[in-house]
Visitor: 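What follows is a single structure, and I will ask about it in a moment.
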Amino acid sequence: MNYSDIHTDIGTWYERCGRHDLPWRKTDDPYLIYISEMMLQQTQVKTVLERFYFPFLDRFPTLKSIAEATLDDVLHAWQGLGYYRRARYIHETARIAAPRLPTDPGELVRLPGIGKSTAHAIAAFSVHAPVPILDANVRRILYRFFARKKATEKELWQLAETLLDRENPYTYNQAMMDIGATVCLPKNPDCDTCPLERKCLGRSAPQDYPAPKRAKNRPVKRRCYLLVENGAKILMRKRKGDLLGGLWELPSTETAPKEGEKLFEIVHDYTHFRRIAELYRYRGKKNPEGEWIDVKELHSIATSSLEKKIFARLQKLTLL
DNA sequence: TAAGCGTGGTC
DNA sequence: TGACCAAGCTT
C-alpha cells in the first residue's frame with residue numbers, strides 16, 4: 001500500500017493544527033529533547049510543561065551538570081512527577097554518556113531507561129532520523145487505522161514502520177502524536193478532521209479499536225506511619241527498592257504501635273493499590289531506624305506526594 | 001506476556 | 001466518585 005497521499009495530508013494538518021509552541025520542539029539539542037521525552041513517559045504534556053520542564057533545566061542545564069550532581073539532587077528536582085525510576089535512569093545515563101548524548105537509535109536504546117520508542121523519538125526529533133515512534137498516541141491511531149482489535153508489540157512496530165513517512169520523519173512523528181492527542185482521542189474521536197480518515201479501516205467504528213481491556217481490581221493496603229519527635233526534629237528514612245526508591249519517608253509499621261496516639265488517616269491512591277495511611281504520634285522508648293531531620297529542612301529532601309499530604313495535615317493541626 | 005511503577009487530568 | 005488514561009521501561 002502506498003501512503004504518500006496520507007503523508008501529504010498529515011503534513012498539511014501539522015502545519016495548520018500542530019502544537020508548534022512546545023519548547024522541546026524549538027530545539028535540536030538531544031539533551032533538551034531527551035529530558036522532555038523522559039518526563040513525558042506516561043505523563044501528560046500539561047503537567048510537564050507547567051510544572052517540571054523549565055525548573056528542571058534551570059537546575060540541570062546540561063547532561064554534564066547531572067553527571068556531576070548527586071542522585072538526591074536529581075530526585076529532588078523530580079519530586080512530584082512520579083515514576084521516580086526515571087530520575088535514577090537519567091542520573092545513570094548522564095554518568096555513562098556525559099558530556100554528550102548519542103543520537104543513534106541503536107546507541108540510545110542501550111542506555112538505562114531509554115526504550116525503543118524514546119530512542120526513536122530522540123533520534124527523529126534531533127537529527128530527523130527516519131524511524132517511527134510507538135507511544136500511546138501512535139499506538140491508538142495504528143489500532144484504528146488498520147482496524148486491529150488486538151496486536152502484539154512486534155506487530156505494532158511493523159505497522160508503525162509500514163505507515164512511517166521516511167521522507168519527512170520529523171514532521172510525521174510530531175504530527176502523529178498531535179493527532180493522537182487532539183483528534184484520534186480514546187473517547188469521541190473527531191474523525192471528520194483527521195488527515196488519516198480517507199484510508200482509515202476503523203473509520204466506521206473507531207470505538208471498537210483496540211478492544212477494551214478488563215480493569216484489574218485494586219487492593220487496599222493499610223499502613224501505620226509514625227511521627228517520632230525529638231525537639232525540632234523528626235525521624236525520617238530513605239526508601240529502598242522500586243516503589244519510590246531513593247525518596248525519604250516517615251517510619252512506618254504494619255500494625256498500630258502500642259505506645260502511640262492516633263492522629264488521623266489519609267487515603268492516597270496509586271495506580272495499582274490504594275494506601276490508607278494511619279498517622280500515629282509515637283511515644284515509645286525504643287525509636288525505629290532512621291535519621292533525625294530538622295522540621296525546617298523537610299522541604300530540602302525529596303519525598304513522595306503521600307508525605308506531602310501528611311506534612312500538610314500535621315501543619316494544619318499545628319503539630320509540625 | 002504481564003506485572004510493577006506515581007501523579008494528576010478528565011469525564 | 002470511580003474508572004480510565006497519559007510522549008514507556010524493566011524484569
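Note: hydrogens, waters and symmetry copies are ignored here, and every other heavy atom, side chains too, is used. Chain letters run A, B, ... following the sequence lines, proteins first and then strands; every chain starts at 1.
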Visitor: Check every atom of B:dG9, B:dT1, B:dG6 against the side chain of A:L243 and return the nucleotide holding the closest atom.
Guide: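 Minimum distance to the A:L243 side chain belongs to B:dG6.
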Visitor: Can you check the A:K308 NZ to B:dG6 P distance for me, whole Å?
Guide: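 Roughly 15 Å, once rounded to whole Å.
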Visitor: Looking only at atom C1', what distance separates B:dA2 and C:dA7, rounded to whole Å?
Guide: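 Straight-line distance between the two C1' atoms is 22 Å.
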Visitor: So A:H120, base contact, sugar-phosphate only, or nothing? Heavy-atom distance under 4.0 Å.
Guide: nothing
Visitor: Roughly, in whole Å, what's the span from CZ in A:F273 to C1' in B:dA3?
Guide: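 Going from CZ in A:F273 over to C1' in B:dA3 covers 14 Å.
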Visitor: A:L235 versus A:E229: any side-chain heavy-atom pair under 4.5 Å?
Guide: no
Visitor: Between A:E254 and A:R223, is there a side-chain N and carboxylate O pair less than 4.0 Å apart?
Guide: yes
Visitor: Measure from CZ on A:R275 to P on B:dG4 and round the result to the nearest Å.
Guide: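 After rounding, the reported distance stands at 14 Å.
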Visitor: Going 5' to 3' through nucleotides 5-11 of chain C, assign each nucleotide B (protein heavy atom under 4.0 Å from a base atom), S (under 4.0 Å only from sugar-phosphate atoms) or - (no protein heavy atom that close).
Guide: SBBBBS-
Visitor: For A:H268 and B:dT7, what is the distance between atoms NE2 and C1' respectively, to the nearest whole Å?
Guide: 7 Å
Visitor: Using a strict 4.0 Å threshold on nitrogen-to-oxygen distance, state whether A:E259 and A:R283 make a salt bridge.
Guide: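 Not counted as a salt bridge, because no side-chain N and carboxylate O are separated by less than 4.0 Å.
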Visitor: Can you see if the side chain of A:S305 gets near the phosphate of B:dT7 - specifically, an N or O under 4.0 Å from OP1 or OP2?
Guide: yes
Visitor: Taking the minimum atom-to-atom distance to the side chain of A:H272, which one of B:dG6, B:dG9, B:dC5 wins?
Guide: B:dC5
Visitor: For atom C1', what is the distance between C:dA6 and B:dT1, given to the nearest Å?
Guide: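 Roughly 22 Å separates the two C1' atoms.
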Visitor: For atom P, what is the distance between B:dG9 and C:dC9, given to the nearest Å?
Guide: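 Result for the P pair: 24 Å, nearest Å.
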Visitor: B:dA3 C1' sits how many Å from A:Y270 OH, rounded?
Guide: 18 Å
Visitor: Is any NZ, NE, NH1 or NH2 atom of the basic residue among A:E289 and A:R237 found under 4.0 Å from an Asp or Glu carboxylate oxygen of the other?
Guide: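 Not counted as a salt bridge, because no side-chain N and carboxylate O are separated by less than 4.0 Å.
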Visitor: Write down the distance separating the P atoms in C:dC4 and B:dA3, rounded off to the nearest Å.
Guide: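 Here C:dC4 and B:dA3 have their P atoms 15 Å from each other.
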Visitor: Less than 4.5 Å apart, side chain to side chain, heavy atoms only: is that true for A:L101 and A:Y34?
Guide: yes
Visitor: Return the value, rounded to whole Å, for the distance between atom CG of A:N188 and atom P of B:dT10.
Guide: 15 Å
Visitor: To the nearest Å, how far apart are A:E50 CD and B:dT7 P?
Guide: 19 Å
Visitor: Linking I/L/V/M/F/W/Y whenever any side-chain heavy atoms sit under 4.5 Å apart, do A:L319 and A:L279 land together?
Guide: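 In one cluster: yes.
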Visitor: Quick check: on DNA chain B, is the nucleotide nearest A:K216 upstream (toward 5') of the one nearest A:L244, or the reverse? Name the residue that is more 5'.
Guide: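 Nearer the 5' end of the strand: A:K216.
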Visitor: Determine whether A:D190 and A:L185 make a side-chain contact, defined as any pair of heavy atoms from C-beta on separated by less than 4.5 Å.
Guide: no
Visitor: What is the distance from CG of A:D242 to P of B:dA3, rounded to the nearest Å?
Guide: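 Spelled out: CG on A:D242 to P on B:dA3 is 16 Å.
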